[in-house]
Asker: 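Structure provided below as structure tokens; questions to follow.
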Amino acid sequence: MGRRLKKLTKLKSPWVLGAVASIGAGVTPLVVPGDWPLVWRALVAAVVAALAGASGSYFGVVLTRAESAAATVEALHLALDPLNPPRPHHPQGPAGGERSVFELLLPQSCPTPFWGRRAERDWWWAWCQEEGVSGLVVVDGPGGCGKTRLALRAAQEAAADGWVTGWLREGRAADLVAAAAAAAGLRVLVLVDNADTRTDLASLLEALARYQGPALLRVVLITRHGVELGQALQAHLPEQHALPVRSAPVMSLAPLGATSDLIRWYGEAVRAFASAWGTPPPPVSDTNAPIRAGQTMAELLAQAMVTVLSGASPTGSPAPLDEVAGVLFEHEARWWRGTAALDRWALAPVTDVLLARVMTGLALFAPADEPAAVGVLRRVPELADAPAERITNLVRWARSLYPPTAGTGLRIGPNLLADWFITTSLTRTEGDRHFARHLLNDPTDEEAARILTLLARAGEHHPPARLLFEQLLGGDPVRLAHHAVYAALTTATNRGELDHTTAAALATADLDPDTTTRLLRLTPAYALPRCVLALTRHHVRHTRATGTPPELGDALTDLVVALDRVREHREGLQVAREALDLFRGLADGDPVHRPGLNRALGNLSVALDGVGEYHEEVRVAREALALCRELADGDPAHRPLLGRSLIRFEVALDRVGEHREQVEVAREAVGLCRELADGDAAHRPDLARALTDLAIALDWVGEHREQVRVAREAVDLCRWVADDNPAHRPALAQALTYLATALERGNDPHEQLAAAREAVGLCRELVADNPAHRFDLAEALVRLAGALDGVGEHREQVRVAREAVGLCRELAADNPTPRPTLAEALGNLSVALHRVGEHREQLQAAREAVDLRRELVADNPTHRPALARSFRNLSVALYRVGDPREQLQVAREAVDLCRELADDNPTHRPALAQALLDLSAALERAGEHREQIQVRREVVDLYRELAARDPDLFQQPYVDNRAALRRLLPQDDITFDL
């Protein structure tokens, strides 16, 4: 392109344009006869001369335009690396003939075919061509799943269609967008690999937010976790600059191929690598290969490369990633040693350890140019005092082996393998850890940002990388905290670990008030709750020292909320009481502080709920509601506070079994929140929570049809809210759990199972970020076990029920509040064990559930319906393997309890009917046939009344039990129907 621009510039010289004009003028004597009159010959000559001048002028304009277009394209290419840079040419090879294995594993030079992804490539092409869509797209997926390879292939197809394409060079984002703004008529496709570790991403998004140029500009961010990267950027960028990434579509890639595909691709990869390597391919099977389902493409290719290097036919299952990486880097190290021994580099003497450390430093820091690379190698202990010439030679040697490509610095092989190499080189031995301390000492802000993000990514597959993350952050937590927060936000699978690590560093750091406030603004509480808690503690400390009493009250309120997120309920209760005392004094002196008093009361009710002090919770929540009604009556601006106060009071009523009032309050909360949400979508989260709570309340009073309808609406609304803001994902998980509960009442069991599975999957993701969500996971697992029973998936039901019991035991060991869920999980386990014929263990679980329920009822009578259900499960277990007399005793106790409950609340009459059926079975087993017939008559009478009210649910049980009674009367026989 540069040569073309020089040619166009030469054509514009005065000599060339003059020649064009002269040629035009010279045409006159050729076309005008010499015997024409002089006046005519002069006139024609004038016209031709004018035309010749115009042609020269036009030719100049054309050249100017061509020169401008070429300059524009040249400016674009200055900001881009080519898609497929020339392979490095080594005029001399090492004496042993070694070569780089990673050259064949990189997307730009991999010799294997491009497999699959047709649908993704079609989507990509449609996005490139369509007007009016976001010019930014995010491609994400697990490490090694083929993101870069797909992007490269799609960009190559675009280049063949005339697009200007390339990898964005580090630090050239503003130049790129400026060049595109001058590129009328061009189509530009830019790839940004490893977007999460790029230090220039903010400047790119800032430039894109302002871009209004004529060129069709498309930018692709390639990262492991697209949603998480978007969250991190939104937290660290101004709203207008974060807009492009917020509106960008995300193309999520999963590992590709069924097992048969992986076997075929593995064989093709072995043959392709062997051909490129110049060696006969080892024999591979068409039906078996060292692969596993769900394996990423990078893992498959690395395994194939190891097979080629070994020269032997593969046997057994695939080797672990660490082992595969070790084999490949051992071969690569031999290549390093051989090339470093060449005279042209003047490196001798060097050791394998030094060469590995040189590569580690350059791969970790990714210096942009030779001087920066020299600075990195000065961090290597062996090179700290080395002559500048030696270090420069080492840099040139390394960069000749791995020329910087894809817009970034030196890159050694695929990320999965490079991350392993960096991690092990810094952590394997004490000498390595000493090296790590020198290498990671006092990096610049830009270096620290990149390294922390890379280590966060590496920790997903190589846990020792988390120790390096902690070491680097601990060296200067005040300066590096915001980089650590960003890095933690960009990952997903180990975000919870990084939250703990970063929070521990923040807790001991000497943060000033301004830094604390800035970090709180940058740190999303839903994603990094431990970090927010550490920062909020600092904020309270600063406010105690210099703040006013109202400011301290607000800080304490924030601390209560932060403690609740991580389920630190005891401390939360203590802080909530302090905040309440402070705001009571303030409100007594000045009514302007009554809203603060309301918040303090609400937070105290939440803290009391966490420690199981339910009756005091009701009292405090009732006081808060009364105060909120007064505030809302005086000023409609307080109506949102009233809605939230109604929700908290409804929860408190649920805890003490005041279900009629609970339904009434829940309906009021839904009505108020619906009015608010109709006027302002910002109130939709409160409406979603109110709907979920109403669904729970309706279950208690037997309004199951309305319960299902309300639960579905709650899930739909929670989806909308969570899509807009991930902070509301826990609310969606709870709504799904309660929808599964609502659907348990005779509706579609497959819909129930789908809701329960989704709830469990979402809760697992939440627990990975914040272990405080384990209680939500326990409840979701209980619902999933029940849903699996409904569709007959009994083996999975047992597995899920066991997991629920185990998790609930862990939770109940630290806090008594999960004990009701443990009792329910034990009941589910007893049912699941019955389904698979494990009756002795079934009896053990059922007994434990009953004992636990009796303890709960002694403290809180609201658990009596659950105790009745536990009696029923125990009766069933005793029917199989227990004493008939004990079974009869338990069945009678269950009936007595259900009668009491049904007398107080008719919604318990179906449970009474079931208890009577269990008693009938126990009487049959004990030979008490006369009483059995009497009990069966009562069952039929009950179902007749229930069917009259709700035929859809109870008509069939009524018909079945009436037929059973008819058979029983003449035959004196009955079959127990579980």
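What you are looking at is a predicted structure, and each value in this text was computed from that prediction instead of being measured.
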Asker: Can you tell if the side chain of H539 reaches within under 4.5 Å of the side chain of L535, non-hydrogen atoms only?
Answerer: no
Asker: Provide the closest heavy-atom pair for T536 versus A555 in the form atom of the first, atom of the second, distance.
Answerer: CG2-O, 4.3 Å
Asker: Determine, step by step, whether W700 and N905 satisfy the side chain to side chain donor-acceptor pair (under 3.5 Å) criterion, reporting the C-alpha distance in whole Å, the side-chain angles of both residues, the deciding distance to 0.1 Å, and the verdict.
Answerer: CA-CA 10 Å; W700 287 113; N905 186 345; over 6 Å; no
Asker: Who pairs with E228 by salt bridge (Lys or Arg N to Asp or Glu O under 4.0 Å), at least two apart in sequence or on another chain?
Answerer: none
Asker: Who passes side-chain hydrogen bond (donor to acceptor under 3.5 Å, both in side chains) against N770, sequence neighbours left out?
Answerer: none
Asker: Please indicate whether R541 has more than 12 foreign heavy atoms, meaning atoms of other residues, nucleotides or ligands, lying under 6.0 Å from its CZ.
Answerer: yes
Asker: Counting C-beta onward and ignoring hydrogens, is there a side-chain heavy-atom pair between V701 and Q707 closer than 4.5 Å?
Answerer: no
Asker: Can you find a heavy atom in the side chain of D693 that is under 4.5 Å from one in the side chain of I696?
Answerer: yes
Asker: Would D950 and L953 count as a side-chain contact (heavy atoms from CB on, under 4.5 Å) here? Give the steps.
Answerer: CA-CA 6 Å; D950 194 338; L953 282 179; 3.3 Å; yes
Asker: Would you check if the side chain of N860 reaches a backbone N or O of R655 as a donor-acceptor pair within less than 3.5 Å?
Answerer: yes
Asker: Evaluate the criterion side chain to side chain donor-acceptor pair (under 3.5 Å) for residue pair R599 and T557; output intermediate values, then yes/no.
Answerer: CA-CA 8 Å; R599 290 195 303 273; T557 298; 5.1 Å; no
Asker: Please determine if E650 and R667 form a salt bridge, counting it only when a charged side-chain N lies under 4.0 Å from a carboxylate O.
Answerer: no
Asker: Can you tell me how far CZ of R774 sits from CG of L766, rounded to the nearest 0.5 angstrom?
Answerer: 14.0 Å
Asker: Determine whether R577 and E571 satisfy the following criterion, salt bridge (Lys or Arg N to Asp or Glu O under 4.0 Å), listing intermediate values before the conclusion.
Answerer: CA-CA 10 Å; R577 291 194 190 281; E571 184 182 355; over 6 Å; no
Asker: List the atom of A677, the atom of L687, and the distance in Å for their closest heavy-atom pair.
Answerer: CB-CD2, 4.0 Å
Asker: Is R495 salt-bridged to E765, cutoff N-O under 4.0 Å?
Answerer: no
Asker: Are any side-chain N or O atoms of N598 and backbone N or O atoms of A624, one a donor and one an acceptor, separated by less than 3.5 Å?
Answerer: yes
Asker: Measure the shortest side-chain to side-chain distance between E623 and F649 over non-hydrogen atoms and say whether it is less than 4.5 angstrom.
Answerer: no
Asker: Would you find a donor on one side and an acceptor on the other, under 3.5 Å apart, between the side chain of H538 and the backbone of L506?
Answerer: yes
Asker: For T821 and C808, work out which heavy atoms get closest and say how close.
Answerer: CG2-SG, 3.7 Å
Asker: Strictly distance-based, threshold 3.5 Å: is any side-chain N or O of S605 a donor or acceptor partner for the main-chain N or O of G602?
Answerer: yes
Asker: Are more than 12 heavy atoms, taken from residues, nucleotides or ligands other than R949, located less than 6.0 Å from that residue's CZ atom?
Answerer: no
Asker: Rounded to the nearest 0.5 Å, how far apart are CG of L533 and OG1 of T523?
Answerer: 12.0 Å
Asker: Measure across L897 and A868 and return the closest heavy-atom pair with its distance rounded to 0.1 Å.
Answerer: CD2-N, 3.7 Å
Asker: Do the side chains of H615 and V620 get nearer than 4.5 Å, heavy atoms only?
Answerer: no
Asker: Please evaluate residues D590 and H593 with respect to the criterion side chain to side chain donor-acceptor pair (under 3.5 Å), reporting the C-alpha separation (whole Å), side-chain torsions for both, the decisive distance (0.1 Å), and the verdict.
Answerer: CA-CA 6 Å; D590 187 346; H593 296 296; 4.6 Å; no
Asker: Please evaluate residues E758 and R764 with respect to the criterion salt bridge (Lys or Arg N to Asp or Glu O under 4.0 Å), reporting the C-alpha separation (whole Å), side-chain torsions for both, the decisive distance (0.1 Å), and the verdict.
Answerer: CA-CA 10 Å; E758 185 180 356; R764 291 195 194 281; over 6 Å; no
Asker: Can we say E848 and R809 salt-bridge, meaning some charged N sits less than 4.0 Å from an Asp/Glu carboxylate O?
Answerer: yes
Asker: Any side-chain heavy atom of R648 within less than 4.5 Å of one from V665?
Answerer: no
Asker: Pair L586, L597 - check side-chain contact (heavy atoms from CB on, under 4.5 Å), show working.
Answerer: CA-CA 8 Å; L586 291 170; L597 174 60; over 6 Å; no
Asker: Under the side chain to side chain contact (heavy atoms under 4.5 Å, CB included) test against L608, which residue among L573, N603, V618 passes?
Answerer: L573
Asker: Rounded to the nearest 0.5 Å, how far does CG of D699 lie from NE2 of H659?
Answerer: 9.0 Å
Asker: Measuring from I647:CD1 to L691:CG, what's the distance to the nearest 0.5 Å?
Answerer: 9.0 Å
Asker: List the atom of P640, the atom of P636, and the distance in Å for their closest heavy-atom pair.
Answerer: CD-O, 4.2 Å
Asker: Under 3.5 Å, side chain of H542 to main-chain N/O of L511, donor-acceptor pair present?
Answerer: yes
Asker: Report yes if some heavy atom in the side chain of L784 is under 4.5 Å from a heavy atom in the side chain of L753; otherwise report no.
Answerer: yes
Asker: Do the side chains of H728 and C718 get nearer than 4.5 Å, heavy atoms only?
Answerer: no
Asker: Should the heavy atoms of other residues, nucleotides or ligands under 6.0 Å from CD of Q574 be counted, would the total exceed 12?
Answerer: no
Asker: First locate atom CZ of R783, then atom CG of L739, and finally report the distance between them rounded to the nearest 0.5 Å.
Answerer: 12.0 Å
Asker: Carefully, step by step, assess L563 and R537 under the rule side-chain contact (heavy atoms from CB on, under 4.5 Å).
Answerer: CA-CA 10 Å; L563 289 164; R537 290 188 196 279; 3.7 Å; yes
Asker: Could you tell me whether a side-chain N or O of E551 sits under 3.5 Å from a main-chain N or O of T548, the two making a donor and an acceptor?
Answerer: yes
Asker: Do the charged groups of E893 and R854 touch, with an N to O distance under 4.0 Å?
Answerer: yes
Asker: Could you go through the salt bridge (Lys or Arg N to Asp or Glu O under 4.0 Å) check for R530 and E568 one step at a time?
Answerer: CA-CA 11 Å; R530 291 281 175 186; E568 298 287 347; 3.5 Å; yes
Asker: Is it true that a side-chain atom of T502 and a backbone atom of L498 form a donor plus acceptor pair closer than 3.5 Å?
Answerer: yes
Asker: Applying side-chain contact (heavy atoms from CB on, under 4.5 Å), run through V485 and L528 and close with a yes or a no.
Answerer: CA-CA 8 Å; V485 167; L528 302 174; 3.9 Å; yes
Asker: Out of E824, R819, H863, which one pairs with L852 under the side chain to side chain contact (heavy atoms under 4.5 Å, CB included) rule?
Answerer: R819
Asker: The criterion is salt bridge (Lys or Arg N to Asp or Glu O under 4.0 Å); which residues satisfy it with R869, sequence neighbours excluded?
Answerer: none
Asker: Taking all non-hydrogen atoms of both residues into account, name the closest pair between T737 and E779 and its distance.
Answerer: CG2-O, 4.1 Å
Asker: Answer yes if the side chains of D512 and T515 hold a donor-acceptor pair under 3.5 Å, and no otherwise.
Answerer: yes
Asker: Do side-chain atoms of D564 reach the backbone of R567 as a donor and acceptor pair under 3.5 angstrom?
Answerer: no
Asker: Roughly how far, to the nearest 0.5 Å, is CG of L642 from CG of L676?
Answerer: 8.5 Å
